[in-house]
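Both backbone and side-chain heavy atoms feed into the values below; hydrogens, waters and symmetry mates do not. Below, chain A is the first sequence line, B the second, and so on; all start at residue 1.
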Amino acid sequence: MIDYQYIYSTYNNLPFLIKLVWIVISLLALTIAFMSMYLKVIRHSLRKKREINIKFKTEYESLLVKYLYSGDDSEKTTKTQNSIIESLKESVKVDSKRKIILAVLYDLMNEVSGEMSDSIQTFYYKTGLIKYSYTKLKNKKWHVIAKGIGELRRFRIKKASHRVTKFINHPVREVQKETHLYMVNLFLFDGLSFLDHLKTPLSEWEQIQLLETLQKFENQEICNIRPWLKSTNNSVVLFALKLAKIYNQFEVKETLMELLSHTNKDIRLNTINVLTHLYGIEAKDVLKTNFNTLSIEEQISFFGLLEKLVMPDDEPFIEEHLFHKNFEIQLLALNILKEINIDKYMGLSKLSKKEKSTAMIKSENI
Amino acid sequence: MNKKKIVLAEDNTTLSLLLKFRLEKEGFDLFMAKDGKEALELIERNSPDLIITDIMMPFMSGLEVISHIRNKLNSETPIIVFSAAGQEEMVLKAFNLGANDFMGKPFSPNELMIRVKRLLKI
């Protein structure tokens, strides 16, 4: 039997420091015991929750499959489909169940096309799930709004566009991105109309996502990109330049020529690259005249353009820059000269080492 | 008449269920696997007439499944591959390994039925 009286008196006779150590040890032991219990309870509840979720998921999956195969050729829902919709309407009202139903629908929406995807959309409407997405758009939290827009995009709800376009210039980038993706995914090139009203910068990542989305579609008929090339939003201009290059927009060459004198260096640089791609021979004279006012990057890009579009009458200009202070330009000029006048190029090898440019010496050593 | 056997390897349970329902309705005997490893077990145990497999799966990819069927089991069983957008290279690899047909996701189950029947010569 434990003699509590003895333990108590022994404890009382201990020095203060030892007493303190015992108190700390007891407290730690109690905390560990409490935490272990708490962890066990959490694990148990999570396991329970997971089991319930799996049960509901299995139930909803089979109901959805039954719904999808109960349709007939008409556009109207059948009696069986209506009864499934009615039975799920109650579940949709419960937050956790609604999440499971949405997850099941997402899983399928990404995998099937045609009539089935239309049936899933009808299901989304008729079970009232769409109302919850609309409610999310009114929420004050940005991530809820973004989620709502994402749902409308995945279920391809075109008629929600007037509600979604309000977020084109939302202060949070994530909401903006979802809005832009919604527009382009549902309205393809017409969806790019959001660029007309965009006041915030379009990030590089978002531009890539939009281009990737556009390339997924069969219809590659692009709309008029000229207004975006003239936009006051520099990121819109840069995006339009990418469109011009990818979709070979030869008809916008004139606008591109105007962009050569844009105030933004990145835009000027990208314009030269696009003009190179589009064989913009008209740009040559303009850039030659202003060559000394261009930045080094622009000068290099221009030589890139010359490499592709060089003509015999460009020879004096090329020769003039064989000894440019920039090595890359020296090398490009040398390569172009080799292309248009091989004799003159060979003649350069007769120069003494002192008279040669770095590029000449390096290219001889290769 | 013996039912034709099909092994379906797909990690999306909802899609599996949807296809199972359809294929069974058409009179096929279906064996479902959630990953490549499970698919190989089912293939070795049941010697199916057709294999339908997704490319991206846990534990063992669809490509590994095809390679195992063609090189280890030396089987000529027709194989249909599912691939998502942007997996064009994977599809080419699948064909090089011996896949017979492919369907890009999202796809129409009706179209899948046509391809299944064509490969099984029904």
Side-chain angles (χ1 to χ4, degrees), chain A residues 50 53-73 80-81 84 88 99-121 123-124 153-156 181 184-186 208-209 211-218 220, chain B residues 6 8-28 30-36 38-39 52-58 61-62 80-91 94 101-117:
Chain A
R50 205 170 145 252
N53 282 353
I54 291 172
K55 188 185 143 233
F56 280 130
K57 193 180 176 219
T58 318
E59 187 189 321
Y60 296 143
E61 273 177 345
S62 39
L63 273 174
L64 183 66
V65 169
K66 196 175 167 195
Y67 163 87
L68 290 171
Y69 284 120
S70 309
D72 52 22
D73 289 338
T80 322
Q81 283 182 318
I84 293 169
L88 281 173
K99 273 185 193 162
I100 301 170
I101 297 173
L102 270 175
V104 171
L105 289 177
Y106 274 169
D107 276 354
L108 217 52
M109 197 71 182
N110 293 334
E111 314 278 15
V112 294
S113 62
E115 289 163 18
M116 286 223 166
S117 129
D118 295 342
S119 286
I120 296 171
Q121 199 189 56
F123 182 88
Y124 177 71
R153 168 171 60 88
R154 286 182 189 208
F155 292 106
R156 316 196 63 78
L181 284 175
V184 172
N185 267 285
L186 269 59
I208 292 168
Q209 280 186 305
L211 291 171
E212 200 194 347
T213 308
L214 287 170
Q215 286 186 310
K216 271 195 304 196
F217 300 107
E218 273 177 38
Q220 290 292 303
Chain B
I6 297 176
L8 170 67
E10 168 63 61
D11 57 344
N12 181 337
T13 53
T14 319
L15 181 65
S16 288
L17 197 69
L18 186 87
L19 297 178
K20 182 181 187 272
F21 196 94
R22 181 67 200 264
L23 290 159
E24 282 183 345
K25 208 173 149 193
E26 295 283 338
F28 297 108
L30 214 74
F31 300 93
M32 299 209 295
K34 287 192 293 292
D35 54 66
E38 220 177 293
I52 304 174
T53 178
D54 192 8
I55 288 188
M56 300 301 276
M57 281 188 297
S61 75
I80 300 178
V81 175
F82 290 150
S83 76
Q87 289 181 345
E88 288 77 11
E89 262 184 55
M90 296 273 204
V91 173
D101 202 352
F102 100 98
M103 290 198 75
K105 286 179 182 176
F107 64 88
S108 151
N110 289 340
E111 197 186 326
L112 175 71
M113 283 318 305
I114 296 167
R115 291 178 190 235
V116 166
K117 286 180 180 172

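Contacts of B/Asp101 classified as salt bridge (Lys or Arg N to Asp or Glu O under 4.0 Å), with partners at least two apart in sequence or in another chain: B/Arg115, B/Arg118. Residues satisfying the side-chain contact (heavy atoms from CB on, under 4.5 Å) criterion with B/Ser108, sequence neighbours excluded, are A/Ser113, B/Asn110, B/Glu111.
Proximity of a side-chain donor or acceptor of B/Asn12 to a complementary backbone N or O of A/Asp107 within less than 3.5 Å is detected.
A 6.0 Å sphere centred on NZ of A/Lys57 holds more than 12 heavy atoms belonging to other residues, nucleotides or ligands. The 12-atom threshold is not exceeded at CD of A/Glu115, counting heavy atoms of other residues, nucleotides or ligands nearer than 6.0 Å. In the displayed structure, B/Lys20 atom NZ is contacted under 6.0 Å by at most 12 heavy atoms of other residues, nucleotides or ligands.
Counting heavy-atom pairs under 4.5 Å between each of A/Asn110, A/Leu68, A/Leu64, A/Thr58 and chain B puts A/Asn110 at the top.
With a 4.5 angstrom heavy-atom cutoff, A/Glu212 does not touch chain B via any of its atoms.
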Full working for side-chain contact (heavy atoms from CB on, under 4.5 Å) between A/Glu111 and B/Thr14
CA-CA 10 Å; A/Glu111 314 278 15; B/Thr14 319; over 6 Å; no

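For the residue pair A/Tyr69 and B/Leu18, the shortest heavy atom distance occurs at OH-O, 2.9 Å.
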